[in-house]
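As structure tokens, the structure follows; a few thoughts come after it.
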2 protein chains.
Amino acid sequence: MERAERGERILEAAKELLLAWGYRRVTIDEIARRAGVGKGTVYLHWKTKDSLMLAVVLKAKWRSQQQQLARMRADPRNILPSRMLRGFYRDFLAEPVLRALYTDDADVLGRLNDTAKKELTELMEVSDQALHGSLEILREHGLVRTDTDLRHQQYALLSMAAGFFLAEAMLYDRAPDSPEVRGDIFADTVHRAVEISPEEFAAGQPPGAAHGPTHGEAVAAAAPDVIALYARMEEHSARELRRHVRD
Amino acid sequence: MERAERGERILEAAKELLLAWGYRRVTIDEIARRAGVGKGTVYLHWKTKDSLMLAVVLKAKWRSQQQQLARMRADPRNILPSRMLRGFYRDFLAEPVLRALYTDDADVLGRLNDTAKKELTELMEVSDQALHGSLEILREHGLVRTDTDLRHQQYALLSMAAGFFLAEAMLYDRAPDSPEVRGDIFADTVHRAVEISPEEFAAGQPPGAAHGPTHGEAVAAAAPDVIALYARMEEHSARELRRHVRD
DNA sequence: CCGTGACCAGATTCGACATCTGGTCACGGA
DNA sequence: TCCGTGACCAGATGTCGAATCTGGTCACGG
């Protein structure tokens, strides 16, 4: 469809300008000019400016979720929290829109924070639930420690993620090594905090009994459920994104 | 000395007003009134308003360091990163000034952020060095993992601390349980990330050989050096604080 | 019937004027 | 003599109406 392609152009123009100028300085006129359409046309696709800008953010988030899902499908080990969050961290570093979103960059996002906060906290809750659900599944398969309360684990994971993301903005000038290495540090920290390593997994099997699953087998067994969970989340995001497009 | 007591009153008044009204709304006039002195008298103690406000923050930080040190002296186990950071976290929750400082509360701190940022980053570096030094000592005594690069451990610790502090501000409405429990989660996460547990410590001793130190003995052995390190930091803070007082 | 840009109302910015406040210092009291 | 004080000043900050800008609409033209 010709129409959909035009919508993409507008979204792309909005994104470029948002990152270059920040929410306040961007005008619908300029977006329309850059997308090569009339101003009114923008309003054939989005109801308001807020809606359009929010769509930019939602799309970035959705893309990240798609990539996450693709990684899980390519290698089931990516369902483990440490791997998942490292992927998330990489997406975050690679996508300026996400960086602005998670470091709460007031200049770039402007009143988007206010207007769309409700929308975004709803999405936050959805990903919270996904995290909760996946932890439950991973616990059942003996891949995540059960000697700690699940809600506490969740809080720790959220806090760690917040910390490493914030550190990226805060310590930008004395952050060690490359982004990849920092991602590894993050993954390592998460791993130690909540996961059961392959060695521990093997040691934890009932000794002498008929051999239970290996760590790899447990991961493979847990993968479909976790993937299904995140697929639902991804669909939710896609719906949410479409909800902002007219007609 | 009468003079010192008056200085304290001014500092206390400044702190109260800073927390109640925020940097911008606080006037020297009001501080003087509340401290029961003339406006000019404030300037007999501090050179500028910035200096005074910075002193409020520095004093809070210094007090926290004093308490930290006292805890270490009372129980050597408090030299372990998990214990140390939990103490730090508690101080942080108990002292509104520190909460404002570490969550970068722009409304309360105002341009303090700009003016005094240099000063504070210097202090930050000092505590960075203290952290680095104490990790080295703890590694030598087999109390902290050596299978990870020290600088990476340090980055992870800073990020985790940033995350749990930020989470306190971010998730205030859905944070689980009590502050104490959150402190325990924090300590637990830090413990798993960098420390060697008593069990691992015992297992890690050269087997069969003449029995090496127990975990508790290793802690006791490491304590004096770590305490000396933090005592130096505390003195540095005290000097810095005094530097802002006139004469 | 879809795309457009002139148009409007309300939001934002600007700038001159008024007020406030950090910092000084001459004075008065001990 | 010397310490504490508050009147005072300059520059920062706030106010408020006019001027400008911009999100959103809609009548028109292709």
Side-chain angles (χ1 to χ4, degrees), chain A residues 1-11 13-18 20-57 106-116 244-247, chain B residues 1-11 13-18 20-57 106-116 244-247:
Chain A
M1 191 60 170
E2 176 59 31
R3 183 188 164 91
E5 199 277 330
R6 197 179 51 188
E8 285 302 306
R9 276 215 320 282
I10 294 172
L11 208 54
K15 175 177 158 183
E16 283 170 20
L17 289 172
L18 181 65
W21 297 0
Y23 185 97
R24 289 156 39 97
R25 297 184 196 285
V26 176
T27 65
I28 296 286
D29 257 325
E30 185 61 30
I31 293 172
R33 191 171 314 136
R34 190 173 284 222
V37 297
K39 183 177 168 182
T41 307
V42 172
Y43 285 91
L44 293 178
H45 289 263
W46 283 273
K47 200 156 56 185
T48 65
K49 181 184 179 184
D50 281 358
S51 218
L52 170 56
M53 292 313 198
L54 184 56
V56 170
V57 173
D107 190 40
V108 170
L109 294 182
R111 50 184 282 229
L112 200 56
N113 286 358
D114 306 330
T115 313
H244 283 269
V245 178
R246 265 196 165 148
D247 198 353
Chain B
M1 190 59 171
E2 176 59 31
R3 184 189 163 88
E5 199 277 333
R6 196 179 52 190
E8 284 303 307
R9 276 215 320 283
I10 295 171
L11 208 53
K15 175 178 159 182
E16 282 170 20
L17 289 172
L18 181 64
W21 297 359
Y23 185 97
R24 288 156 42 95
R25 297 183 196 284
V26 177
T27 66
I28 295 286
D29 256 325
E30 184 62 28
I31 292 171
R33 191 172 313 135
R34 188 173 287 222
V37 298
K39 182 177 168 181
T41 306
V42 172
Y43 286 92
L44 292 178
H45 290 262
W46 283 272
K47 201 155 53 184
T48 64
K49 180 184 179 183
D50 282 358
S51 218
L52 170 56
M53 293 312 198
L54 184 55
V56 170
V57 172
D107 190 38
V108 171
L109 294 183
R111 51 183 282 229
L112 201 57
N113 286 357
D114 307 328
T115 313
H244 282 269
V245 178
R246 266 198 165 147
D247 197 350

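Within every chain, numbering begins at 1; the chains are lettered A, B, ... in the order of the sequence lines, protein sequences first and strands thereafter.
Residues from residues 31-38 of chain B placing a heavy atom under 4.0 Å of any atom in DNA chain D, listed by number, are V37(B), G38(B).
dC2(D) atom C1' lies 11 Å from atom CG of L44(B), rounded to whole Å. Across the protein-nucleic acid pair, E30(B) atom CD and dG6(D) atom C1' stand 16 Å apart, rounded to whole Å. Rounded to whole Å, the distance from CZ on R3(A) to P on dC1(C) is 14 Å.
For T41(B), no side-chain nitrogen or oxygen approaches OP1 or OP2 of dG4(D) to under 4.0 Å.
Taking each heavy atom of S51(A) and H244(A) in turn, the nearest pair found is OG-ND1, 3.0 Å. Taking each heavy atom of L44(B) and R3(B) in turn, the nearest pair found is O-NH2, 3.0 Å. The minimum heavy-atom distance between G7(A) and W46(A), with the atom names listed, is O-CH2, 3.5 Å.
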Dot-bracket, DNA chain D: Watson-Crick or G-U, under 3.5 angstrom, [ ] crossing, | other strand?
||||||||||||||||||||||||||||||

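How far CD1 of I10(A) is from CD of E5(A): 10.0 Å, rounded to the nearest 0.5 Å.
Every residue meeting the side-chain contact (heavy atoms from CB on, under 4.5 Å) condition with A14(A), not counting sequence neighbours, appears here in chain and number order: I31(A), L52(A), M53(A), V56(A). T41(B) meets the side-chain hydrogen bond (donor to acceptor under 3.5 Å, both in side chains) test with no other residue; sequence neighbours excluded. The salt bridge (Lys or Arg N to Asp or Glu O under 4.0 Å) check on R25(A) picks up nothing, with sequence neighbours excluded. Residues passing the salt bridge (Lys or Arg N to Asp or Glu O under 4.0 Å) test with K15(A) are E95(A), sequence neighbours excluded.
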All N/O contacts under 3.5 Å from nucleotides 23-26 of chain D to the protein, with atom names and distances to one decimal?
| from | atom 1 | to | atom 2 | distance (Å) |
| --- | --- | --- | --- | --- |
| dG23(D) | OP1 | V26(A) | O | 3.3 |
| dG23(D) | OP1 | K49(A) | NZ | 3.1 |
| dG23(D) | OP2 | I28(A) | N | 2.8 |
| dG23(D) | N7 | K39(A) | NZ | 2.9 |
| dG24(D) | OP2 | Y43(A) | OH | 3.1 |
| dG24(D) | OP2 | K49(A) | N | 2.5 |
| dG24(D) | N7 | K39(A) | NZ | 3.3 |
| dG24(D) | O6 | K39(A) | NZ | 2.4 |

Polar atom pairs between nucleotides 28-30 of chain C and protein, under 3.5 Å, N or O only, would you list them?
none

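Residue pairs that meet the side-chain hydrogen bond (donor to acceptor under 3.5 Å, both in side chains) test with at least one member in residues 26-38 of chain B, sequence neighbours left out, are E16(B)-R34(B), E30(B)-R33(B). Pairs of residues two or more places apart, or lying in two chains, never qualify as salt bridge (charged side-chain N to carboxylate O under 4.0 Å, His left out) while including a residue from residues 37-47 of chain A.
Residue-level contact check: R25(A) touches neither bases nor backbone, having no heavy atom under 4.0 Å from any strand.
Side-chain contact between Y43(A) and I28(A) is present, with at least one heavy-atom pair separated by less than 4.5 Å.
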